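Notes to accompany the following structure.
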Number of protein chains: 2
Amino acid sequence: MIRLTPVSYIVLGLIDAAGEATPYQLKTAAAASVGNLWSVQHAQLYSEPLRLADAGLLDEQREETGRRRRVYRLTDAGREALTAWLATPADGFTELRDPGLLQLFFGAEPGPLAAAQLGLHERRLAEYETLQREAGAAMTEGQHLTLEAGIAHEREWIRYWRNLARD
Amino acid sequence: MIRLTPVSYIVLGLIDAAGEATPYQLKTAAAASVGNLWSVQHAQLYSEPLRLADAGLLDEQREETGRRRRVYRLTDAGREALTAWLATPADGFTELRDPGLLQLFFGAEPGPLAAAQLGLHERRLAEYETLQREAGAAMTEGQHLTLEAGIAHEREWIRYWRNLARD
DNA sequence: GGGTACATGTAATCAGTTACATGATTTA
DNA sequence: TAAATCATGTAACTGATTACATGTACCC
């Protein structure tokens, strides 16, 4: 049996929500939704479905005409894998893994670093807030909650770097 | 020229702080310091120094006796690479990439998830606070600031999951 | 003296990234 | 109609993880 990674579940989850999808549709769907939380390289949205189809979690159909795109849907096993994952609360812990913080750790000057990071995070926060205002109504509960987490952490980053910026 | 990854800079930074180090010493040093922010598999602390030595950023000496461990120190080029990196504020942005949040996004029940995550983060916060109390005095400014970021985000996670736990 | 934990390292695999490529639409 | 830009995909590479393996020291 293959090992299912977060990317596997992203693919399964997106296909579940869409009913069916080609890799390209996965790409656009990912960019518009989970992308902020966990982005995936587009090439992986071609290779990962192949893996999942091999493992019997996806059903693959080629279009008859034109580009003969691959269209994927969940098999019963695939739906089951997704459900099982959702029912098992993650025990994993996420490290911050922030490049800027890493530089700080090893002795970078806080001032310039803070200035740069502040800009990044302010822009990101603005994007999130716009997203919430404009697309909030169309979101699922889960998406909404996730976005709130994103906003909260952005606010925290801004507080943090702002504090370091006045040196 | 090789591409320098965050792991490369972790190795360079640790060796810079220690003066010289064997892979095993890197492993223990990493576990005790950067590990919380950005952990590295121990096997990588054997392969990455080889790469860096190939690229001329580290100098490698084999011990004469016994296990003939490899001992690394920075070359001038290595020190320069580290300094240059520290002087160039990171432009990168970190995604949350939290497995629990990913589950929430795709529709997992918030209740049980929150309960599990809450435990994780409370434990982690306690560790950080202990670390701050007990080792705080011996830390560099950068390490101290980094730890503060970690604590702030843990507090945010706890607030977030606690809010979802009362359903 | 046998187990168990720590120390130390290599090898194999694979996920994920980067680079390459080309057809189809839109726009200036 | 030339030039972008979007759409769509494959191939190659390599960083990172997992698995394997052996030596050494301590302790019951």
Side-chain angles (χ1 to χ4, degrees), chain A residues 1-12 14 18 20-32 34-35 37-55 57-58 60-72 92-95 97 99 102, chain B residues 1-12 14 18 20-32 34-35 37-55 57-58 60-72 92-95 97 99 102:
Chain A
M1 203 36 171
I2 66 172
R3 250 170 40 83
L4 297 178
T5 69
V7 172
S8 311
Y9 293 114
I10 288 174
V11 169
L12 292 175
L14 289 175
E20 64 171 46
T22 67
Y24 190 77
Q25 288 171 331
L26 287 176
K27 176 189 148 186
T28 56
V34 240
L37 167 61
W38 200 306
S39 71
V40 179
Q41 301 290 326
H42 92 279
Q44 249 189 301
L45 298 175
Y46 290 85
S47 56
E48 186 65 22
L50 288 177
R51 262 175 32 99
L52 295 175
D54 269 2
L57 303 182
L58 292 180
E60 173 186 322
Q61 298 288 330
R62 306 288 299 249
E63 290 178 343
E64 290 305 322
T65 84
R67 299 212 174 180
R68 308 206 61 238
R69 295 186 195 81
R70 295 165 205 269
V71 182
Y72 296 97
F93 177 82
T94 305
E95 294 161 7
R97 293 203 167 220
L102 194 60
Chain B
M1 203 38 171
I2 68 171
R3 248 169 42 82
L4 297 179
T5 69
V7 171
S8 310
Y9 293 113
I10 289 174
V11 168
L12 292 175
L14 289 175
E20 63 172 44
T22 68
Y24 190 77
Q25 288 171 331
L26 286 176
K27 176 189 147 184
T28 56
V34 238
L37 167 62
W38 200 306
S39 73
V40 179
Q41 301 292 323
H42 91 278
Q44 249 189 299
L45 297 175
Y46 289 86
S47 56
E48 186 65 21
L50 288 178
R51 261 174 34 95
L52 295 175
D54 269 2
L57 303 182
L58 292 181
E60 173 187 321
Q61 298 288 329
R62 305 286 301 246
E63 289 179 345
E64 290 304 322
T65 86
R67 299 212 173 179
R68 312 204 60 239
R69 296 187 194 81
R70 295 165 205 267
V71 182
Y72 296 97
F93 177 82
T94 305
E95 294 162 6
R97 291 201 168 222
L102 194 60

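All values reported here derive from a predicted model rather than from experimental measurement. Residue numbers start from 1 in every chain, and the chains themselves are labelled A, B, ... in the order their sequence lines are given, proteins ahead of strands.
- Rounded to whole angstrom, the span from the CG atom of B:L45 across to the P atom of C:dG9 amounts to 12 Å.
- An OP1 or OP2 oxygen of C:dG23 is reached within less than 4.0 angstrom by no side-chain nitrogen or oxygen of A:R69.
- Distance B:Q25 CD to C:dA7 C1': 12 Å, rounded to the nearest Å.
- Atom CD of A:E20 and atom CG of A:L26 lie 11.0 Å apart (nearest 0.5 Å).
- In this entry the distance linking NZ of A:K27 with P of D:dG9 reads 11 Å, nearest Å.
- Rounding to the nearest 0.5 Å gives a distance of 8.0 Å between OG1 of B:T5 and CD1 of B:I10.
- Side-chain contact between B:L14 and B:Q25 is absent, with no heavy atoms from C-beta onward closer than 4.5 Å.
- Every residue meeting the ring-ring contact (aromatic ring centres under 6.0 Å, His included) condition with B:Y9, not counting sequence neighbours, appears here in chain and number order: B:W85.
- Side-chain atoms of B:R97 come within 3.5 Å of backbone N or O of A:S39 as a donor-acceptor pair.
- Straight-line distance from the OH atom of B:Y46 to the P atom of D:dA21: 17 Å, rounded to whole Å.
- Atom CZ of A:R62 and atom C1' of D:dT10 are 12 Å apart (whole Å).
- Atom P of nucleotide C:dG16 and atom CG of A:L4 are separated by 11 Å, given to the nearest angstrom.
- Going from atom OH of A:Y24 over to atom P of D:dC6 covers 8 Å, rounded to whole Å.
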Protein heavy-atom contacts under 4.0 Å, written 5' to 3' over nucleotides 15-20 of chain D as B (base), S (sugar-phosphate only) or - (none), form the string SSBB--

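- For residues 39-51 of chain A, the set of pairs meeting the salt bridge (Lys or Arg N to Asp or Glu O under 4.0 Å) definition, not counting sequence neighbours, comprises A:E48-A:R51.
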